[in-house]
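Below is one structure, written out as structure tokens, with a few remarks after it.
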Amino acid sequence: MRSFLFVPGDSQRKFENAKKTAADALILDLEDSIAPDEKVGARRTVREMLDARNPSQKMYVRVNALDTDMTLGDLAAVMPGRPDGIVLPKCAGATDVNRISLYLDAFEAAAGIERGSTRIVTVATETARAVLKLLDFENMSPRLWGMMWGAEDLAASLGASRNRTGGRFHGPFLLARDLCLISAAAAGVVAIDTIATDINDLDALKEESIAARQDGFLAKAVIHPKHVDVVNAAFMPTDEEIAWSEKVVKAFNDNPTSGVVKIDGKMIDKPHLRAAEKILALRSSGLRIR
């Protein structure tokens with residue numbers, strides 16, 4: 001998957017618009033986009049959204065954080081709708097993931113859902129404590145599928161007046177981004193890049209998305225439908241990358257006992273082969289971008 005489009009959990013209109021996009025997944029939001037006195041009512045709306053899903057899109061629900069005492073109520077309301085995954089905000093390590101996983105065991109059993117089939121995606125950098133827990137992935141539930149980083153809540157946690165200047169993130173936020181990427185790779189899960197907050201600057205969005213994929217992120221969160229196509233294109237390999245990857249794979253297939261091959265005058269070894277195989281795997285996940 002390449003794009004995760006946030007949808008306010010109380011807006012059927014925005015949900016209908018989101019269903020028409022090419023977003024690989026929708027995140028139906030019960031957290032930040034919902035006013036405190038509307039959260040309980042939004043649960044019912046999200047449940048209706050799950051029943052009216054677009055079969056071509058994965059459906060995730062962002063519940064309220066564990067310290068709000070609303071998480072269980074959120075799960076009780078939405079799990080009968082069989083979401084593909086739960087997004088856990090303000091997650092601080094394995095303890096939080098395993099707690100949500102235990103809740104999901106019970107709700108899956110109650111709803112007749114296959115045990116372990118509901119994924120977990122964490123928003124893993126929203127507090128200073130969460131950043132310090134990013135390396136805490138040992139003995140984490142196998143439900144964990146992805147780790148997303150975010151900069152907006154982290155700014156409040158750090159007491160920062162801003163998190164970026166001229167579209168470039170400041171040092172503490174780059175540190176959180178990079179630690180999330182590295183931690184996701186170490187845990188063997190998908191690293192998901194944060195949202196772009198400037199709705200109208202599609203050139204900056206493209207640049208940011210390409211940089212994220214080149215660094216190793218496999219998907220990006222978005223908050224507006226018009227960001228979806230830009231992100232989807234950026235997270236697909238280019239023709240040049242595909243041609244190079246095919247050449248590398250063919251060279252090693254032609255020389256199966258060799259650890260190093262020569263292509264266009266350059267020595268190519270097994271790490272290059274693994275990188276080429278990942279690029280070709282990305283191609284198979286969607287349409288090739290020209």
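- Using a distance-only test at 3.5 Å, with no hydrogens or angles considered, no donor-acceptor pair links the side chain of S141 to the main chain of N98.
- In the hydrophobic cluster analysis, where Ile, Leu, Val, Met, Phe, Trp and Tyr join through side-chain heavy atoms closer than 4.5 angstrom, I34 is grouped apart from V123.
- D10 contributes no side-chain N or O that, together with a main-chain N or O of A42, makes up a donor-acceptor pair within less than 3.5 Å.
- Considering NE2 of H272 and CD1 of I263, their distance stands at 9.5 Å, rounded to 0.5 Å.
- Summarising the local packing, NZ of K206 is surrounded by 12 or fewer heavy atoms from other residues, nucleotides or ligands at distances under 6.0 Å.
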In sequence, state the C-alpha distance, the side-chain angles, and the governing distance for R119 and R143, and then conclude on side-chain contact (heavy atoms from CB on, under 4.5 Å).
CA-CA 5 Å; R119 297 167 167 174; R143 290 181 185 274; over 6 Å; no

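- Within a 6.0 Å sphere centred on CZ of R164, heavy atoms belonging to other residues, nucleotides or ligands number more than 12.
- Each of V260 and F252 belongs to its own hydrophobic cluster when Ile, Leu, Val, Met, Phe, Trp and Tyr are linked at side-chain heavy-atom distances under 4.5 angstrom.
- Minimum interatomic distance between F235 and A212 (heavy atoms only, all atoms of both residues): CZ-CB, 4.0 Å.
- Residue V78 is grouped with residue I113 when hydrophobic side chains (ILVMFWY) are merged at heavy-atom distances under 4.5 angstrom, including chains of intermediate members.
- A pairwise comparison of heavy atoms in R2 and A22 identifies NH2-O, 4.4 Å as the closest pair.
- In this structure, Y60 and W145 have tilted ring planes: the angle between them lies in the 30° to 60° band.
- In this structure, K90 does not pair ionically with D67, as no charged nitrogen and carboxylate oxygen lie closer than 4.0 Å.
- When atom types are taken as modelled, the side chain of S101 and the backbone of V97 share no donor-acceptor pair closer than 3.5 angstrom.
- Here the CD1 atom belonging to I210 is positioned 13.5 Å from the CE atom belonging to M236, to the nearest 0.5 angstrom.
- Summarising the geometry, atom OG belonging to S117 is positioned 8.0 Å from atom CZ belonging to R82; distances are rounded to the nearest 0.5 Å.
- In this structure, a donor-acceptor pair under 3.5 Å is present between the side chains of E108 and T118.
- The minimum heavy-atom distance between A124 and M147, with the atom names listed, is CB-CE, 4.2 Å.
- For CG of N139, the number of neighbouring non-hydrogen atoms (other residues, nucleotides, ligands) closer than 6.0 Å is 12 at most.
- One distance of note links CD of E48 with CZ of F15; it measures 10.0 Å at 0.5 Å rounding.
- Atom NZ of K19 is surrounded by more than 12 heavy atoms from other residues, nucleotides or ligands within 6.0 Å.
- A distance-only check finds a donor-acceptor pair linking the side chain of D29 to the backbone of S33 [under 3.5 Å].
- Atom CZ of R43 and atom CD of E38 lie 13.0 Å apart (nearest 0.5 Å).
- Note on I223 and V121: same hydrophobic cluster, where clusters join Ile, Leu, Val, Met, Phe, Trp and Tyr whose side-chain heavy atoms are under 4.5 Å apart, directly or indirectly.
- Of the possible donor and acceptor atoms, one in the side chain of H227 sits under 3.5 Å from a partner among the backbone N and O of I199.
- Although no hydrogens or angles enter the test, the distance criterion places a donor-acceptor pair under 3.5 Å between the side chain of R213 and the main chain of A234.
- Side-chain contact check for L273 versus V249: some heavy-atom pair is nearer than 4.5 Å.
- A salt bridge links D84 and R53; the closest N-O separation between the charged side-chain nitrogens and carboxylate oxygens is under 4.0 Å.
- For the atom pair T68 OG1 and D74 CG, the distance stands at 7.0 Å (nearest 0.5 Å).
- Sparse packing is recorded around NZ of K14, with 12 or fewer heavy atoms of other residues, nucleotides or ligands lying under 6.0 Å away.
- Counted by atom type alone, N200 and K226 present one or more donor-acceptor pairs between their side chains at under 3.5 Å.
- Judged by distance alone, with hydrogens and angles left aside, the side-chain atoms of T127 form no donor-acceptor pair with the main-chain N or O of S157 at under 3.5 Å.
- Not one N or O on the side chain of N255 forms a donor-acceptor pair closer than 3.5 Å with the backbone of S258.
- A donor-acceptor pair under 3.5 Å is absent between the side-chain atoms of T125 and the main chain of V131, judged by distance alone.
- A side-chain contact (heavy atoms from CB on, under 4.5 Å) with V228 holds for exactly one of V230, V231, N232; it is N232.
- Side-chain atoms of T122 never come within 3.5 Å of backbone atoms of L88 as a donor-acceptor pair (strictly under, hydrogens ignored).
- Applying the side-chain contact (heavy atoms from CB on, under 4.5 Å) criterion to L72, with sequence neighbours excluded, gives Y103, F107.
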Distance-only criterion, 3.5 Å: show the donor-acceptor pairs between side-chain atoms of residues 168-195 and protein atoms not counting sequence neighbours.
| from | atom 1 | to | atom 2 | distance (Å) |
| --- | --- | --- | --- | --- |
| R168 | NH1 | E207 | OE2 | 3.3 |
| R168 | NH2 | E207 | OE2 | 2.6 |
| H170 | NE2 | T165 | N | 3.4 |
| H170 | NE2 | T165 | OG1 | 2.6 |
| R177 | NH1 | D215 | OD2 | 3.1 |
| R177 | NH2 | D215 | OD2 | 2.8 |
| S183 | OG | L134 | O | 3.0 |
| S183 | OG | L179 | O | 2.8 |
| D193 | OD1 | W149 | NE1 | 2.7 |
| D193 | OD2 | K220 | NZ | 2.7 |
| T194 | OG1 | W149 | O | 3.2 |

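- Residues L5 and L202 fall within the same hydrophobic cluster, defined by Ile, Leu, Val, Met, Phe, Trp and Tyr side chains chained together at heavy-atom separations under 4.5 Å.
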